[in-house]
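These notes are about the structure you will find just below.
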Amino acid sequence: MLEIVLALNALWFALGFNVFSVRSRIFAKLVVPREHRDTPVFETLIMSGKFLGGFNLAFTVLNILLLLNIGIFDQDLQWGIILLSTAIAHGTQFAFNVPVALQNLRGEGVWKIEGVMRFIFITDFLMMSINAVLAALYFFN
């Protein structure tokens with residue numbers, strides 16, 4: 001189970017790196033309505049997306065290295081700490097979208113959580129949950 005979760009983490013963070021850093025203009029178009037894209041702030045969002053992508057790249061590499069070196073961490077507490085930290089990384093991506101999703105229910109919101117953004121929102125929640133549950137299993141084993 002651990003190997004599957006590490007591989008899923010690596011894949012999801014790699015996709016995040018791709019969207020935020022490699023394809024940052026496309027990411028910005030997902031969250032900024034067309035009528036607001038001709039502003040300097042739009043370009044700022046594109047560059048800040050690259051910054052966020054860097055963190056995703058770091059988590060991608062971390063999970064690949066963990067997957068390739070599982071035997072280095074031989075205590076349940078070690079894996080619990082790693083998985084809990086990763087759950088928090090996924091969870092913050094989800095949690096900071098919750099207020100926007102609630103605003104969307106009122107017909108408001110900085111961006112729309114629909115289509116690709118809804119997929120990201122749900123997947124971040126699922127990845128947070130999977131990592132947290134596995135962390136708890138290691139903590140209480």
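Model, not experiment: these values are computed from the prediction.
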So Phe139 and Leu84, do their side chains get closer than 4.5 Å, heavy atoms only? yes
Under the side chain to side chain contact (heavy atoms under 4.5 Å, CB included) test, residues paired with Ser48 that sit two or more places apart: Leu45
I want to check something: taking the side chain as every heavy atom from C-beta on, are Val31 and Val110 in contact at a cut-off of under 4.5 Å? no
Above 12 or not: heavy atoms from other molecules or residues under 6.0 Å from CZ of Arg37? yes
Excluding sequence neighbours, so at least two apart, what forms salt bridge (Lys or Arg N to Asp or Glu O under 4.0 Å) with Glu35? none
Could you go through the side chain to side chain contact (heavy atoms under 4.5 Å, CB included) check for Gln93 and Leu52 one step at a time? CA-CA 11 Å; Gln93 299 302 298; Leu52 180 58; 4.3 Å; yes
Test Val19 against Ile26 for side chain to side chain contact (heavy atoms under 4.5 Å, CB included), laying out the working first. CA-CA 7 Å; Val19 168; Ile26 293 171; over 6 Å; no
Between Glu43 and Arg25 (salt bridge meaning N to carboxylate O under 4.0 Å), is one present in this structure? yes
Tell me whether the rings of Trp79 and Tyr138 are parallel (<30°), tilted (30 to 60°) or perpendicular (>60°). tilted
Leu11: partners by side chain to side chain contact (heavy atoms under 4.5 Å, CB included), with sequence neighbours left out: Leu15
Side-chain contact test, heavy atoms from C-beta onward, threshold under 4.5 Å: evaluate it for Thr60 versus Ile64 and give yes or no. yes
Answer yes or no: is there a donor N or O on one side and an acceptor on the other, between the side chain of Asn104 and the main chain of Trp111, under 3.5 Å? yes
Flag the pair Asp76 / Phe140 as yes when at least one side-chain heavy-atom distance between them is below 4.5 Å, and no otherwise. no
Asn131 side chain to Asn9 side chain, donor-acceptor N/O pair below 3.5 angstrom: yes
Sequence neighbours left out, what passes side chain to side chain contact (heavy atoms under 4.5 Å, CB included) with Ala101? Give chain and number order. Ile113, Phe121
Classify the ring geometry between Phe119 and Trp12 as parallel (under 30°), tilted (30 to 60°) or perpendicular (over 60°). perpendicular
4.5 Å side-chain heavy-atom contact, Met128 and Asp124: no
Could you tell me which residues satisfy side chain to side chain contact (heavy atoms under 4.5 Å, CB included) with Phe17, sequence neighbours excluded, listed by chain and number? Ser21, Val22, Asn56, Leu57
Sequence neighbours left out, what pairs pass ring-ring contact (aromatic ring centres under 6.0 Å, His included) with at least one residue falling in residues 21-48? Phe20-Phe27
When you measure from the side chain of Asn141 to the backbone N and O of Leu137, does any donor-acceptor pair fall under 3.5 Å? no
Does any non-hydrogen side-chain atom of Phe73 lie less than 4.5 Å from one of Leu66? yes
NZ/Lys112: more than 12 non-hydrogen atoms of other groups inside 6.0 Å: yes
